[in-house]
2 protein chains.
Amino acid sequence: MAPSELPHPGVDDLEVGPILLALADENRRRVIAELAARPDEERLCASFDLPVSKSSRTHHWRVLREAGLVRQRDAGNRLYMRLRKKDLDRRFPGLIEAVVSADRH
Amino acid sequence: MAPSELPHPGVDDLEVGPILLALADENRRRVIAELAARPDEERLCASFDLPVSKSSRTHHWRVLREAGLVRQRDAGNRLYMRLRKKDLDRRFPGLIEAVVSADRH
DNA sequence: GACAAGGTACGACTACTGACGTACCTTCCA
DNA sequence: TGGAAGGTACGTCAGTAGTCGTACCTTGTC
């Protein structure tokens, strides 16, 4: 079957509440921080080292995607993820950068 | 009785997680936005117009205080609140500003 | 074909959140 | 001496978040 398109919110549908809620979780914040370190890089979801089970990871991917923080690409049996940096910077300038740098103490 | 001191986290105890969690709520974000508009002003808690009950408001004050977003001063039968702007800016530069301006669409 | 790897779906469980009402406390003011 | 106003404490309740295990699907590889 063709790689099904995963549902992503449009740029104008991004909301601060869900984004902050998504970023409030340490595991997800770690993912975003790693993605933000190389904003143009598309990363394999499996390459993130989270201390949770496989099904919990799926849950976190979904939260990040539905909040509009990442764009996911289904490549058959693999999932790739990329930070929606442009969209986020346009709608919420400085937010991602502030959160990521806040986490570096 | 002397105005009891309310428990506030120290500057170095501020954590990103609880702060983002506190800001994920729309009511609390509104309070922070209003405080941020006049950072040096101390405001009466009762002056905020939140569409929730009295006891719910107390709950939100506590969340904001325990996250370290505001400093509260107990003046007998009244409670004053002030944004901990300096502390927040020192620990998480740009974060509050980004969140507040993000809410203005 | 068989199997491993990466993901999803579903249900379950625990813990927490936001909301509320009621009762109570403290202070100010008529 | 009373209110009335502003807050807190406590218990409750419904909804949601994070976690997990199990079963299953898809793809690549042996």
Side-chain angles (χ1 to χ4, degrees), chain A residues 1-8 15-32 34-35 41-82, chain B residues 1-8 15-32 34-35 41-82:
Chain A
M1 206 161 73
S4 60
E5 267 309 303
L6 294 155
H8 289 85
E15 290 176 41
V16 195
I19 286 184
L20 294 179
L21 202 56
L23 291 171
D25 182 90
E26 191 182 348
N27 286 323
R28 292 192 292 255
R29 216 161 52 239
R30 236 169 73 187
V31 171
I32 294 301
E34 291 192 32
L35 288 176
E41 189 180 299
E42 192 180 50
R43 269 194 61 174
L44 194 56
C45 282
S47 69
F48 293 98
D49 184 32
L50 298 187
V52 292
S53 74
K54 214 164 50 157
S55 45
S56 292
R57 295 159 62 98
T58 295
H59 165 68
H60 289 306
W61 303 154
R62 189 212 303 269
V63 173
L64 288 173
R65 170 169 44 87
E66 291 184 346
L69 281 161
V70 301
R71 190 169 295 279
Q72 293 176 358
R73 184 172 63 88
D74 186 354
N77 65 341
R78 306 211 162 186
L79 193 62
Y80 288 92
M81 202 159 47
R82 177 198 298 268
Chain B
M1 205 161 76
S4 60
E5 267 309 302
L6 294 156
H8 289 84
E15 289 175 41
V16 195
I19 285 183
L20 293 180
L21 203 55
L23 291 172
D25 182 89
E26 191 181 349
N27 286 323
R28 292 191 292 254
R29 215 160 53 238
R30 235 168 73 187
V31 171
I32 294 301
E34 291 192 32
L35 288 176
E41 189 179 298
E42 192 180 49
R43 267 194 63 173
L44 194 56
C45 281
S47 69
F48 292 98
D49 184 31
L50 297 188
V52 293
S53 74
K54 215 164 52 157
S55 45
S56 292
R57 294 159 62 100
T58 295
H59 164 67
H60 289 305
W61 303 155
R62 190 212 303 270
V63 173
L64 288 173
R65 171 169 43 90
E66 291 183 347
L69 280 161
V70 301
R71 189 169 295 280
Q72 293 176 357
R73 184 173 63 89
D74 186 353
N77 64 342
R78 305 212 161 185
L79 192 63
Y80 289 91
M81 200 159 48
R82 176 197 301 266

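Naming: A, B, ... by sequence-line order, numbering from 1 per chain.
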Colleague: Using only side-chain N and O atoms of H59(A), determine if any of them is under 4.0 Å from OP1 or OP2 of dC20(D).
Modeller: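 Answer is no, no contact under 4.0 Å.
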Colleague: To the nearest 0.5 Å, what is the distance between CG on N27(A) and CD1 on I32(A)?
Modeller: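 Output value for this atom pair is 12.0 Å.
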Colleague: What is the distance, to the nearest angstrom, from the CG atom on L50(B) to the P atom on dG18(C)?
Modeller: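 Going from CG in L50(B) over to P in dG18(C) covers 13 Å.
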Colleague: Think R43(B) forms a cation-pi with F48(B), using NZ or CZ under 6.0 Å from the six-ring centre and within 45 degrees of its axis?
Modeller: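 That pair qualifies as a cation-pi contact.
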Colleague: Check whether any side-chain nitrogen or oxygen of R57(B) sits under 4.0 Å from OP1 or OP2 of dG18(C), and answer yes or no.
Modeller: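 No, R57(B) has no side-chain N/O under 4.0 Å of OP1/OP2 on dG18(C).
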Colleague: Do any side-chain nitrogens or oxygens of N27(B) fall under 4.0 Å of OP1 or OP2 in dA19(C)?
Modeller: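 Yes, N27(B) has a side-chain N/O under 4.0 Å of OP1/OP2 on dA19(C).
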Colleague: Heavy atoms, side chains only, cut-off 4.5 Å: are E42(B) and R71(B) in contact?
Modeller: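 Not in contact.
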Colleague: Rounding to an integer number of Å, can you tell me how far L64(A) CG sits from dG18(D) C1'?
Modeller: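 From L64(A) CG to dG18(D) C1': 13 Å.
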Colleague: How close or far is atom P of dG6(C) from atom CZ of R43(A), stated in whole angstroms?
Modeller: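 One finds 14 Å between P of dG6(C) and CZ of R43(A), rounded.
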Colleague: Starting at atom NE2 of H60(A), determine the distance to atom C1' of dT8(C), rounded to an integer number of angstrom.
Modeller: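 Taking NE2 of H60(A) and C1' of dT8(C), I get 15 Å after rounding.
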Colleague: Nearest to the side chain of T58(B), heavy atoms from C-beta on, is which of dG7(D), dG21(D), dC20(C)?
Modeller: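 That would be dG7(D).
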Colleague: Using a distance-only criterion (donor-acceptor N/O pair, under 3.5 Å, no hydrogens), is the base of dG18(D) paired with the side chain of S56(A)?
Modeller: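 Answer no: no donor N or O sits under 3.5 Å from an acceptor.
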Colleague: What's the closest nucleotide to the side chain of A46(A) if the choices are dC10(D), dT8(C), dG6(C)?
Modeller: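 Comparing dC10(D), dT8(C), dG6(C) against the side chain of A46(A), the answer is dG6(C).
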Colleague: How many Å lie between CZ on R78(A) and P on dG28(D), as a whole number?
Modeller: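 It is 9 Å, rounded to the nearest whole Å.
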Colleague: Which nucleotide, dC20(D), dT8(C), dG18(C), lies nearest any side-chain atom of V63(B)?
Modeller: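 Closest nucleotide among those given: dG18(C).
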Colleague: Does the side chain of C45(B) come within less than 4.5 Å of H60(B)'s, by heavy atoms?
Modeller: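 A side-chain contact is absent here, since even the closest heavy-atom pair is not under 4.5 Å.
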Colleague: Report the distance from atom NZ of K54(B) to atom C1' of dG18(C), rounded to the nearest whole Å.
Modeller: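 Whole-Å distance recorded here is 18 Å.
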Colleague: Need to verify one output field. Residue with the more 5' nearest nucleotide on DNA chain D, L21(A) or V52(A)?
Modeller: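 Taking each residue's closest nucleotide, the earlier one in sequence belongs to L21(A).
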Colleague: Please check this pair: side chain of R30(B) against backbone of D49(B), looking for a donor-acceptor N/O pair closer than 3.5 Å.
Modeller: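 Yes, the answer is positive, given that a donor and an acceptor are paired below the 3.5 Å cut-off.
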Colleague: In whole angstrom, what separates N77(A)'s CG from dT29(D)'s C1'?
Modeller: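 So the two atoms are 11 Å apart, to the nearest Å.
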Colleague: Once you round it to whole Å, what is the distance between P of dT8(D) and CD of Q72(B)?
Modeller: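 So the two atoms are 7 Å apart, to the nearest Å.
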